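Everything numeric in this text was worked out from a predicted model, so none of it was measured. We name chains A, B, ... by the order of the sequence lines, and we start the count at 1 in each one.
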2 protein chains.
Amino acid sequence: MTELTSAPLTAEQLVSQLELAIHEHRLAPGTKLGEDEIASIYSVSRTTVRSALQALSLQRLVEHKRNRGAYVAQPSLREAREVFEARALLEPRTAFSAAERTTEEDIAKLQVHIDAEHEAMAVGNHGRALYLSGQFHIEIARIADQTTIETFIKQLISRSSLIVALYWQRRTAMCESHAHDALVSALADQDGPRADELMRNHLLDLVTSLDLRNKTSAPLSLKDALGQ
Amino acid sequence: MTELTSAPLTAEQLVSQLELAIHEHRLAPGTKLGEDEIASIYSVSRTTVRSALQALSLQRLVEHKRNRGAYVAQPSLREAREVFEARALLEPRTAFSAAERTTEEDIAKLQVHIDAEHEAMAVGNHGRALYLSGQFHIEIARIADQTTIETFIKQLISRSSLIVALYWQRRTAMCESHAHDALVSALADQDGPRADELMRNHLLDLVTSLDLRNKTSAPLSLKDALGQ
DNA sequence: GTTTTCAATATTGTGTACAATTTTGCGCAC
DNA sequence: GTGCGCAAAATTGTACACAATATTGAAAAC
């Protein structure tokens, strides 16, 4: 389903593949990304892999340790807070702008998105649900027609996915997408101020659903802590 | 002055060199960045050059055209507007946060910065003055202690430099750094709201000093338009 | 039995060589 | 004289081979 041709993946496609895997929590934070390993899995040369890993490194999705290799990033508590502070600065206002120029096609698209989210949740595919949940936020930035800000938000969403993997409190209950429903409603009404407010609260809810107290610096397990 | 050792530059250092050259307008938008050319100039391998160019490409400082090479980016009018909209979302609030935690050392540092700006202006080194002017904004983000947002602002400042190169109206008069003086004052008083307001107005002044009307899509000269 | 040192192995970092694509210049036809 | 087409040159994209560094395991000393 992911690929039809047998043509070797380009670096850009490889970035997408790895990005998606990280998004959907198939690759956990701290996982080592060996160059030869990835090269053989995707049947590409190490040159391609290195290019892809550099791109992901600049996006802060992987951490590069000199002469030791690339690892899926493990955002610190501080980084986690910063990511959500940045989102708080960008997303509400972007939702505001989006509301003012939302078309009917946009609403339809968002509705499809939300349905897919619910579907993934129903099937129990939490990784997929989380990915789609992120795409929803990106879609709003797209509607706002601000590609520069959209790029930033994309990056923040990616990193948020890592943060969720590390600091999520409730393992069972996933994020209620009622917030997303309400946002779509505000966008459909072209109600900027309401969209702004809803997005602000949504982000606040997200942060409070995380465990961002600095008990220890421990990320996941003892093995991970020593694994560095 | 730029280097003492004869050790070959690392990719990261090369990025800094090229970044600085673009910042200071020694490399104009649209300039072709041939891989072999750069490799011979800095006595590094093409591998290093390619790595550096990829990094700059992801920062939107250079545009990569498949099988045609890398060029110093030429932000479109639309892109230019977007960059300043993003700055308007990030920088005022960041100045606010910075004001609340500014120390005396920070003030001293900023003052040195401003003095250097004036000095560069006095000598007529406009490129240098522009670079330092950008660094001032980055310094404020640093004071705010928000590395994630700082990274975004760095990128926006870089791109602003390209935008100034393309769309600056008054060729003679450079940006009056009185705005920067006022900001330092607000920071020294730890007056968040005033810093926010001053930054907001400063950015507004910057935008209005640019020529962002969409007369044609022409960037600089006819030659450039054809040069693609 | 524990610790330290050293060699063997594995992995990343870097440079070079080849392949693919595009551009350019010349020649021929109209 | 102008326009088209093909071949040669140049430049980027990709793969491979070697060098540098870090990790691992075993052997020896305490």
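- If you check the side chains of Ser51(B) and Gln54(A), you find a donor sitting under 3.5 Å from an acceptor.
- One can place CD of Glu12(A) at 11 Å from P of dT14(D), the figure rounded to the nearest angstrom.
- Residue order along DNA chain D, read from the 5' end via each residue's closest nucleotide, puts Ala11(A) first among Asn67(A) and Ala11(A).
- In this structure, the CG atom of Leu14(B) is 14 Å from the C1' atom of dT14(C), given to the nearest Å.
- Dashed line: the shortest gap from a side-chain N or O of Thr48(B) to OP1 or OP2 of dT14(C) is not under 4.0 Å.
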### Check against salt bridge (charged side-chain N to carboxylate O under 4.0 Å, His left out), Glu79(A) and Arg159(A)
CA-CA 9 Å; Glu79(A) 242 180 292; Arg159(A) 294 170 71 182; 3.0 Å; yes

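- The aromatic rings of His23(A) and Tyr131(A) sit perpendicular to each other, their planes meeting at more than 60°, with 30° as the lower class boundary.
- Rounded to whole Å, atom P of dA10(D) lies 20 Å from atom CG of Leu33(B).
- Taking side-chain N and O atoms only, Arg50(A) has no distance below 4.0 Å to OP1 or OP2 of dT12(C).
- At dT23(C), one or more side-chain N or O atoms of Arg68(B) fall inside 4.0 Å of OP1 or OP2 (strictly under the cut-off).
- Between the P atom of dT21(C) and the NE2 atom of His64(B) lies a distance of 16 Å, rounded to the nearest Å.
- For Arg66(A) and dG13(C), the shortest distance from a side-chain N or O to OP1 or OP2 is not below 4.0 Å.
- You'll find that the side chain of Ser45(B) is closest to dG15(C), out of dG15(C), dT12(C), dG13(D).
- Atom CD of Glu35(A) and atom C1' of dA10(C) are 13 Å apart (whole Å).
- Donor-acceptor pairing under 3.5 Å is lacking for the side chains of Gln135(B) and His113(B).
- Annotation: of the two residues near DNA chain C, Ala70(A) and Thr47(A), the 5′-most nearest-nucleotide partner is Ala70(A).
- Distance CG (Leu9(A)) to P (dG13(D)): 17 Å, rounded to an integer number of Å.
- Between Lys32(A) atom NZ and dA10(C) atom P the separation is 13 Å, expressed in whole Å.
- Rounded to an integer number of Å, the gap from OH of Tyr42(B) to P of dT14(C) is 18 Å.
- Looking at Asp205(A) and Thr208(A), their side chains never bring a donor and an acceptor atom within 3.5 Å of each other.
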